K.L.:
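I'd like to ask some things about the structure below.
Just so it is clear, the structure is predicted and the values come from calculations on it, not from any experiment. For the numbers below, each heavy atom of this structure counts, side chains included, while hydrogens, waters and symmetry mates do not.
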Amino acid sequence: MKSDSIGNSLNQRIFTPTILNCLVTAGSVLLCLLVLPTRFVGMELAGIGPNWLLIWVVAWSVKRSPLQAALAGVVLGLIQDGMTAEQPTHVLSLVVVGVLTSLIRKERYLQEDFISIALITFGMAVVSETVTALQYTLLPDRSRSLLDIWTYHQLIALSSAILSSLWAPIVYVPLNRWWKYINSQQA
Amino acid sequence: MYSLRRWWDRHRGYIVLAMLALGVGVFLQQTNGGLIYEIYRLLARPFQPPLWSEAVLRDAKLQEYQQRLEELESQNQQLRDLLDFKGDQKQQGLAAPLIGRSADHWWQQVILGRGKSDGVSPGNIVVAPGGVVGRIFEVSPNTSRVLLLSDPSSRVGATISRSRFMGYARGTSANRAVMEFFDKVPDVRRGDVVVTSSFSCFFPAGLPIGRVESVDLSKSPAPEAVINLSAPINSLEWAVIYQNRQTAGGSSCNERGDRSTGGTTP
């Protein structure tokens, strides 16, 4: 009888927050996916919007292990592949971004605030577009010339980096607060 | 064995969650994100514009008529002595709201709010006030995705309406396309109207694409012209979807100049 009630309270202490956490996390991903096809006024530069999935991957990876970061990159990359086209794949760029973000020694170089998150996002957006451009360069089918790819890369990398870094806090701050809260609950 | 068991007990939750996440990822990739676009359309519904009454679009419409007229005049001249001239059957188009744009920066796509349940299928043509916009390559029950003419992987057989010189146009990612000619010295000038050619197997012949903006005859291997696409893709709110009877054509579609699918179809 007694052990049963202990089990119940354990259930409530561990499992309810876990399920809630999963729901909030998945919900935030869904939100990012749904904002992806929009181009609101003030959110676009030359027809290019922020890379919301990249922002999410950065926010997720900042305080997690490279493995977790890579997993997030794979899942979101697969989804974005489905939403656009499979070749070149978005999995690679998002995995690279996630792993790099989780490997940055933040405690040494960067403060943990949204300015540094904006900085990381800026760099990672450039990295991610470069990975895509490299894939285009190495792709066997030549629908774009090298010159086209790399001129376009400059435009995209810059606009996407500026916009993504400006909008990164809007994803990072609430998610970070939530994960902190959940961790303190579970501890 | 015991330590394996303990490891499993400790990490079971995370592994199951990781598998679940991967499963969702694979599912969404395999279904081409159809579920997400359906939800997106549902949420975007209240924000859809009521009518395409903007001044920009009206101007574009006028321009389209002007170009069509020019094209028809020129075509008429040619067809007068052809006996097997088939009359242009009028086709009813399906108006569709534009509900979103490409989900990444490298592809020039738009999302329309009509899908399989309205009879839309891959290969259908999308026309906007001003001219052709692109063709549909992916449908979900209530949405469809359009590969725009301005996408670099989109190629379409094109003709200079005035002089009937042919070539193919490929997108250059803004509101422009580059037309490469088959002839070494084509008769083309700034301001010429460009329409889809009869060699194009993804688009019916004679649809307006745009106007020539500049010409580079010295370009190698083939002379090039930069075309300004006449449909205002950036301010588009509605488009019209037409069935394409020509796709049944088959064999001629292997020609190099009109491989509009690019890498989009898996």
K.L.:
Going from OG1 on Thr84(A) to CZ on Arg145(B), what distance comes out if it is rounded to the nearest 0.5 angstrom?
P.N.:
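The OG1 atom of Thr84(A) sits 7.0 Å away from the CZ atom of Arg145(B).
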K.L.:
Just to be sure I understand the criterion: a residue of residues 122-132 of chain A counts if one of its heavy atoms is under 4.5 Å from a heavy atom of chain B. Which ones qualify?
P.N.:
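At a heavy-atom separation under 4.5 Å, chain B is reached by Glu129(A), Thr132(A).
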K.L.:
Where does Leu20(B) contact chain A at under 4.5 Å (heavy atoms): side chain, backbone, both or neither?
P.N.:
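It is neither, since no heavy atom gets under 4.5 Å.
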K.L.:
Is chain A contacted by the side chain of Asn175(B), its backbone, both, or neither, given a heavy-atom distance below 4.5 Å?
P.N.:
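When you check distances to chain A, no heavy atom of Asn175(B) falls under 4.5 Å.
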K.L.:
Identify which part of Ile156(A) has an atom lying under 4.5 Å from any heavy atom of chain B, answering side chain, backbone, both or neither.
P.N.:
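The side chain, not the backbone.
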K.L.:
Which region of Tyr14(B), side chain (C-beta onward) or backbone (N, CA, C, O), has a non-hydrogen atom less than 4.5 Å from a non-hydrogen atom of chain A, or is it both or neither?
P.N.:
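Nothing of Tyr14(B), per the 4.5 Å heavy-atom cut-off to chain A.
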K.L.:
Please look at Gln30(B) and chain A and tell me whether the side chain, the backbone, both or neither of the residue comes under 4.5 angstrom of a heavy atom of that chain.
P.N.:
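Answer is neither: Gln30(B) stays 4.5 Å or more from chain A.
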K.L.:
State, yes or no, whether a side-chain contact exists between Val75(A) and Val24(B) at a heavy-atom distance under 4.5 Å.
P.N.:
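Answer no - side chains too far apart.
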K.L.:
In terms of heavy-atom proximity below 4.5 Å to chain A, should Ile111(B) be classed as side chain, backbone, both, or neither?
P.N.:
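Contact with chain A is through the side chain of Ile111(B) alone.
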K.L.:
Please examine the side chains of Thr38(A) and Tyr40(B), heavy atoms only from C-beta on, and report whether any two atoms are closer than 4.5 Å.
P.N.:
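Side chain of Tyr40(B) against side chain of Thr38(A), heavy atoms only: contact under 4.5 Å found.
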K.L.:
Report which part of His153(A) has an atom under 4.5 Å of a heavy atom belonging to chain B: side chain, backbone, both, or neither.
P.N.:
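Backbone plus side chain of His153(A), per the 4.5 Å heavy-atom cut-off to chain B.
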K.L.:
For chain B, which candidate among Leu36(A), Asn51(A), Leu155(A), Val74(A) shows the most heavy-atom pairs at distances under 4.5 Å?
P.N.:
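When all of Leu36(A), Asn51(A), Leu155(A), Val74(A) are compared, Leu36(A) has the most.
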K.L.:
If you count heavy-atom pairs under 4.5 Å between each of Thr172(B), Asp104(B), Leu22(B) and chain A, which one has the most?
P.N.:
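Most pairs with chain A among the choices: Asp104(B).
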K.L.:
Sort Ala26(A) into side chain, backbone, both or neither according to what part of it lies under 4.5 angstrom from a heavy atom of chain B.
P.N.:
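For Ala26(A), neither part sits under 4.5 Å from chain B.
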